[in-house]
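As structure tokens, the structure follows; a few thoughts come after it.
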Amino acid sequence: MLSDDFLAPRRCLAEPIPEVFEAARLLNAAVDTHLTGARNAAAALIRQADIDAITPWRHSIMGDVDLEITRFREVEGAPPSLPKADRVQPRMPAVAEKRVIAERDGWRCRFCGMPVIEERVRRAMRKAYPEALRWGKRNAERHAAFLCLWLQYDHVLPHSRGGDSSPENMVVACAPCNFGRGEWMFEEVGLIDPRTVPIQHSSWDGLERFLKA
């Protein structure tokens, strides 16, 4: 029988480790340095942010299902998974709507509070620094910080279970929180609805200023 502590509500599947926030700090500094024209120094900071310790932590959530982390439990009356033909379209908001959602959520994961970075920013930085920002076909070949801080648009009511792409049903999530939760309802994995938690606003801009350089 599952204990009360095990089933207690929590905000995320696993609290981020300090190295995640250190990597975000280094990437923020890399962009500031890039904007001054010091490309070699910026490249060095991007490499420093590729912190080994992030990988096993991320994999513990995004890898094979670990029931100690997901803490799945059956929920009576939970919406079933719908056939793809019956799911609401479009699956994702338009680009302009995504930006509104990201700015609303402060460019941070609404679950764990991790700073996040959109794919288009990562692609632009990889184009400028291809040797420093590794991004292979497999997760093991990808920059640990950029993979972990990869911004996702998560459905509160999962799309596969009838959720739409309205801003009210979307929250910003990091890759571990998004992929770790998968298609489960919050109740099924013991998560608090992130919309009930105050949004963290700070100077973090998702490194969007890199695109304006």
Side-chain angles (χ1 to χ4, degrees), residues 9-14 16 20 24 58 61-63 65 69-73 75-126 135 139 142 146-202 204-212:
R10 55 200 171 133
R11 68 168 191 160
C12 60
L13 298 176
V20 168
R58 174 197 55 75
I61 306 169
M62 288 176 61
V65 175
I69 291 177
T70 57
R71 302 184 187 180
F72 178 80
R73 75 292 308 264
V75 175
E76 186 177 354
S81 182
L82 301 174
K84 289 186 178 181
D86 295 340
R87 298 175 186 178
V88 180
Q89 297 300 324
R91 182 178 180 276
M92 281 291 166
V95 173
E97 291 176 313
K98 284 182 175 179
R99 184 172 185 85
V100 170
I101 293 167
E103 291 181 345
R104 178 200 70 191
D105 291 355
W107 302 97
R108 287 180 179 271
C109 177
R110 289 290 294 274
F111 296 94
C112 70
M114 184 190 304
V116 289
I117 305 167
E118 263 207 338
E119 181 178 5
R120 60 196 179 94
V121 174
R122 185 195 72 231
R123 287 183 173 180
M125 292 184 67
R126 174 163 166 73
W135 198 259
N139 284 347
R142 294 175 173 177
F146 275 97
L147 179 55
C148 190
L149 275 58
W150 187 356
L151 189 158
Q152 309 289 315
Y153 294 92
D154 194 14
H155 295 79
V156 173
L157 173 61
H159 180 253
S160 64
R161 300 170 84 164
D164 62 21
S165 62
S166 66
E168 294 76 21
N169 193 53
M170 304 296 298
V171 291
V172 164
C174 64
C177 284
N178 182 53
F179 290 108
R181 174 198 170 200
E183 299 180 351
W184 286 317
M185 303 289 293
F186 295 148
E187 298 84 355
E188 291 173 328
V189 288
L191 291 176
I192 298 168
D193 186 334
R195 297 170 300 180
T196 66
V197 179
I199 296 173
Q200 300 181 46
H201 286 286
S202 67
W204 178 261
D205 67 346
L207 308 185
E208 290 283 305
R209 63 192 184 281
F210 187 91
L211 300 178
K212 301 174 184 178

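We count residues from 1, following the sequence as given.
Between the side chain of R11 and the backbone N or O of C112 there is at least one donor-acceptor pair closer than 3.5 Å. A donor-acceptor contact shorter than 3.5 Å is absent between the side chain of H159 and the backbone of P90. Proximity of a side-chain donor or acceptor of R161 to a complementary backbone N or O of E183 within less than 3.5 Å is detected. Side chain of D164 to main chain of V88: no donor-acceptor pair is present (N/O by atom type, distance under 3.5 Å, no hydrogens or angles). A side-chain donor-acceptor contact under 3.5 Å links R104 to the backbone of P167. Using modelled atom types, no side-chain atom of R10 and backbone atom of L191 make a donor-acceptor pair closer than 3.5 Å.
Considering all non-hydrogen atoms of both residues, P79 and M185 come closest at CD-CE, 3.9 Å. Here the closest heavy-atom approach between residue V20 and residue C148 is recorded as CG2-SG, 4.1 Å. Pairing each heavy atom of A14 with each of I61, the nearest pair is CB-CD1, 3.7 Å.
Between I117 and W204 the shortest side-chain heavy-atom distance falls below 4.5 Å. The closest side-chain heavy-atom distance from R99 to P93 is not below 4.5 Å. Looking at heavy atoms from C-beta onward, R209 lies in side-chain contact with L207 at the 4.5 angstrom threshold. Contact check for M114 versus C12: no side-chain heavy atoms found under the 4.5 Å cut-off. Counting only heavy atoms from C-beta outward, the side chains of L151 and W107 approach each other to under 4.5 Å. Y153 places none of its side-chain heavy atoms less than 4.5 Å from the side chain of S165. Side chains of E97 and M92 form no contact here, defined as non-hydrogen atoms less than 4.5 Å apart. With contacts defined as side-chain heavy-atom distances shorter than 4.5 Å, the pair R87/S160 qualifies.
Note: T70 OG1 to W184 CH2 = 4.5 Å, rounded to the nearest 0.5 Å. Going from atom SG of C174 over to atom CG of L147 covers 10.5 Å, rounded to the nearest 0.5 Å. A distance of 4.0 Å separates CE of M170 from NE2 of H155, quoted to the nearest 0.5 Å. Interatomic distance, C177 SG to R58 CZ, rounded to the nearest 0.5 Å: 13.0 Å.
Using a cutoff of 4.0 Å between basic side-chain nitrogens and carboxylate oxygens, K98 and E118 are not scored as salt-bridged. Contact check on E208 versus K212 returns no salt bridge, with no Lys/Arg side-chain nitrogen under 4.0 Å from an Asp/Glu carboxylate oxygen.
With sequence neighbours excluded, the residues that form a side chain to side chain contact (heavy atoms under 4.5 Å, CB included) with D154 are F111, V171, A173, N178, R181. In terms of the side chain to side chain contact (heavy atoms under 4.5 Å, CB included) criterion, residue partners of R126 (sequence neighbours excluded) are, by chain and number, L133, W135.
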